[in-house]
2 protein chains.
Amino acid sequence: MKLSKDIINCKSCIYRNLLYEMLSDEEYEKVNTSRTEIIYDRGELMIQEGGEINEFMYLRKGLVKMYKTNSQGKDQILTINKPGDFINLLSIFSQKTQQYSVSALEETHVCSVKLDTIMEIIKSNSEFAIRIMNRMSYIADEIIKKRFEINQRQVKGRVAYMLRFLAEQIYHKNEFRMPITRRELGELISMTTENTIRTMSEFKKDGIIEMDGKNIHLVDFERLKKVCEMG
Amino acid sequence: MKLSKDIINCKSCIYRNLLYEMLSDEEYEKVNTSRTEIIYDRGELMIQEGGEINEFMYLRKGLVKMYKTNSQGKDQILTINKPGDFINLLSIFSQKTQQYSVSALEETHVCSVKLDTIMEIIKSNSEFAIRIMNRMSYIADEIIKKRFEINQRQVKGRVAYMLRFLAEQIYHKNEFRMPITRRELGELISMTTENTIRTMSEFKKDGIIEMDGKNIHLVDFERLKKVCEMG
DNA sequence: GTCGTTTTATGAATTATGTCATATTCAAAT
DNA sequence: ATTTGAATATGACATAATTCATAAAACGAC
């Protein structure tokens, strides 16, 4: 973890419209000055479940996993987040601590704005407050929907669903390098590592995917979709 | 579904402090006049996934299930809601339609406030806006945590977890009448009806619970807790 | 009350998933 | 380059869960 040296002004940030479009110049300046950009290395823990919340954080670059650890020390991954995503918005208004852990799956750049500043603007700008509510609602929905989709499938369907998710939502192509291990893929779909690996092998044998280590190619996307729909 | 005739003023409502404590007299009056109280019978559909959102709704009396229906027509229940709970708050800011269906498990009284009125107050009263955000965050968290807890258990643990939930969170005693069928219990824990019934029978045979139809008595709560912790 | 439908219940067969053991490959650290 | 630990891979076996079949009990509509 280190501070970024070349910080971009929010005005030229591609994620500006996600959140800040309705701010006044003055409010805008407040955000800009209370803002830092932090770089996390692959594997670094960015947010610890139970930790204090002082910053409002969102991704500018990279990929992270959001997860919870159970009493036996096993992780359950809730989502994979990409640039433009807010990674602790659901915790901020819990009036408590961070509700989920977040760690970097690759080098990740985070914009971090002091929570006080954000709260100040929420109080003075209702349009901004409503936008924040929209984002909260969206984030909650995405997590809940994903669990809904996963719970109604069995292993093959779950793996297929996640491969589609990675291809369609994260990489926007059928060929990519897996950002997570097979164990983490298992933690994402609530399955054992062995079963997850076996299913991937089966997909390979069946000619649905090609795979060389972490490099994945979804060669028969139509069949993958079919597995995803029923299995 | 019918309108309630004896509507209580919000000022004497026991749920007032959940939400309205910081409103001005004027805002208060706005809520009170744009408010209706609706009574739903057991089994009635109160909110349909995909439907339009015009009202802000919360329970004053009764019990409901919040659920989603998958493409094969199977339901998955997300939560059971009780008086004081907001039943469409997560949908309101989705800028779309109702994200979940809600139906009454028993005679249920709902306070329904025009969404326009709520939005108006959010815009004029930032304290109220923040309270709404707190509630949203809480609701999302409860749903996500519950899925987290359920996913890491197998059938016995899941059934035990839900029985504890009903006893501790809903009825506040170890003896109660099940508000849902065994099928619905299965939909709540992502298991088949047969397995759910079998597990309940097993608990009975093992002397953990006593059961006569829908009447449940958790006679050996300590053992139930133990099953809940590991199984 | 009677009829029809849903719910509860249980057994047997089948399938899915988890566990344990073991081997190989890969990648990071020295 | 070598070591070490993690990740991938696979088989055999045990366990868990689903499916299908069937039946009794409970419940609502008439």
Side-chain angles (χ1 to χ4, degrees), chain A residues 41-44 65 70 72-77 103-107 150-161 163 177-206 209-216 227 230-231, chain B residues 41-44 65 72-77 103-107 150-160 163 177-206 209-216 227 230-231:
Chain A
D41 287 334
R42 192 164 109 81
E44 262 192 283
K65 61 172 177 177
N70 75 12
Q72 278 110 61
K74 276 200 167 186
D75 290 347
Q76 192 173 124
I77 300 177
S103 72
L105 296 171
E106 57 184 52
E107 188 192 290
I150 285 170
N151 280 327
Q152 61 188 71
R153 291 173 166 82
Q154 39 202 43
V155 196
K156 282 180 205 166
R158 292 183 184 189
V159 172
Y161 177 80
L163 290 176
R177 200 174 160 73
M178 284 281 276
I180 51 176
T181 64
R182 306 290 194 266
R183 180 169 58 79
E184 288 171 316
L185 181 53
E187 289 168 356
L188 206 38
I189 61 179
S190 298
M191 285 293 142
T192 57
T193 310
E194 291 97 322
N195 243 330
T196 310
I197 290 173
R198 241 186 284 269
T199 305
M200 295 281 286
S201 300
E202 204 178 323
F203 284 174
K204 183 183 178 180
K205 207 165 52 194
D206 292 350
I209 66 172
E210 274 169 15
M211 133 175 116
D212 175 29
K214 287 230 183 323
N215 296 313
I216 303 288
V227 175
M230 17 135 290
Chain B
D41 286 333
R42 192 164 108 82
E44 262 192 284
K65 61 172 178 178
Q72 278 109 62
K74 275 199 169 188
D75 290 348
Q76 191 173 123
I77 300 177
S103 71
L105 297 170
E106 57 183 52
E107 187 191 290
I150 286 170
N151 279 327
Q152 60 188 71
R153 291 173 167 82
Q154 38 201 46
V155 200
K156 282 178 206 167
R158 293 182 182 189
V159 172
L163 289 177
R177 200 172 159 74
M178 283 282 274
I180 51 177
T181 65
R182 306 291 193 268
R183 179 168 59 77
E184 287 171 316
L185 180 54
E187 288 167 359
L188 206 39
I189 61 179
S190 297
M191 285 293 139
T192 56
T193 308
E194 291 96 322
N195 240 331
T196 309
I197 291 172
R198 243 186 282 270
T199 305
M200 296 280 287
S201 300
E202 204 177 321
F203 284 175
K204 181 182 178 179
K205 207 165 53 196
D206 292 351
I209 66 172
E210 274 169 15
M211 133 175 114
D212 174 30
K214 288 231 183 320
N215 297 312
I216 304 286
V227 174
M230 17 136 290

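A note on names: the letters A, B, ... follow the listed sequences, proteins ahead of strands, and every chain is numbered from 1.
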Nucleic acid footprint by protein, nucleotides 25-30 of chain C - heavy-atom cut-off 4.0 Å, B for base, S for sugar-phosphate alone: --S---
Nearest-angstrom distance from the residue atom CD of B:Glu202 to C1' of D:dA17: 13 Å
Value in whole Å for how far the P atom of D:dT18 lies from NZ of B:Lys156: 14 Å
Separation of atom CG in B:Asn215 from atom P in C:dT7, rounded to whole Å: 17 Å
d(CZ, A:Phe203; P, D:dT8) in whole Å: 16 Å
A:Arg183 CZ - D:dT8 C1' separation (whole Å): 12 Å
For A:Ile189, the option from A:Asn151, A:Asn195, A:Thr199, A:Ile150 that meets side-chain contact (heavy atoms from CB on, under 4.5 Å): A:Ile150
Minimum-distance pair of heavy atoms, taken over all atoms of A:Ala104 and A:Asp41: CB-O, 3.4 Å
B:Ser190 and B:Arg158, any side-chain heavy atoms less than 4.5 Å apart: yes
Separation of atom CG in B:Asp41 from atom P in D:dA29, rounded to whole Å: 11 Å
Spacing of NZ belonging to A:Lys204 relative to CE belonging to A:Met200, to within rounding of 0.5 Å: 10.0 Å
Salt bridge B:Glu202-B:Arg198, side-chain N to carboxylate O under 4.0 Å: no
Distance test, side-chain N/O of A:Ser201 to OP1/OP2 of D:dT10, below 4.0 Å: yes
N or O in side chain of B:Lys214 less than 4.0 angstrom from C:dT8 OP1/OP2: yes
Atom pair distance, as rounded to whole Å: CE in A:Met178 and P in D:dA9: 10 Å
Every protein N/O lying under 3.5 Å from an N/O of nucleotides 18-21 of chain C:
from	atom 1	to	atom 2	distance (Å)
C:dG18	OP2	A:Thr192	OG1	3.4
C:dG18	OP2	A:Asn195	ND2	2.7
C:dT19	O4	A:Arg198	NH2	2.8
C:dC20	N4	A:Glu194	OE2	3.3

Distance, rounded to the nearest Å, where B:Ile197 contributes CD1 and D:dA23 contributes P: 17 Å
Atom of A:Met211, atom of A:Ile209 and distance for their closest heavy-atom approach: SD-CD1, 4.1 Å
Minimal non-hydrogen separation, A:Lys156 against A:Phe203, with atom names: O-CZ, 3.5 Å
Side-chain donor or acceptor of A:Arg177 paired with backbone N/O of A:Lys214 under 3.5 Å: no
Under-4.0 Å side-chain N/O to phosphate OP1/OP2 contact, B:Arg182 with C:dA9: yes
Heavy-atom donor-acceptor pair, B:Arg182 side chain to B:Thr193 backbone, under 3.5 Å: no
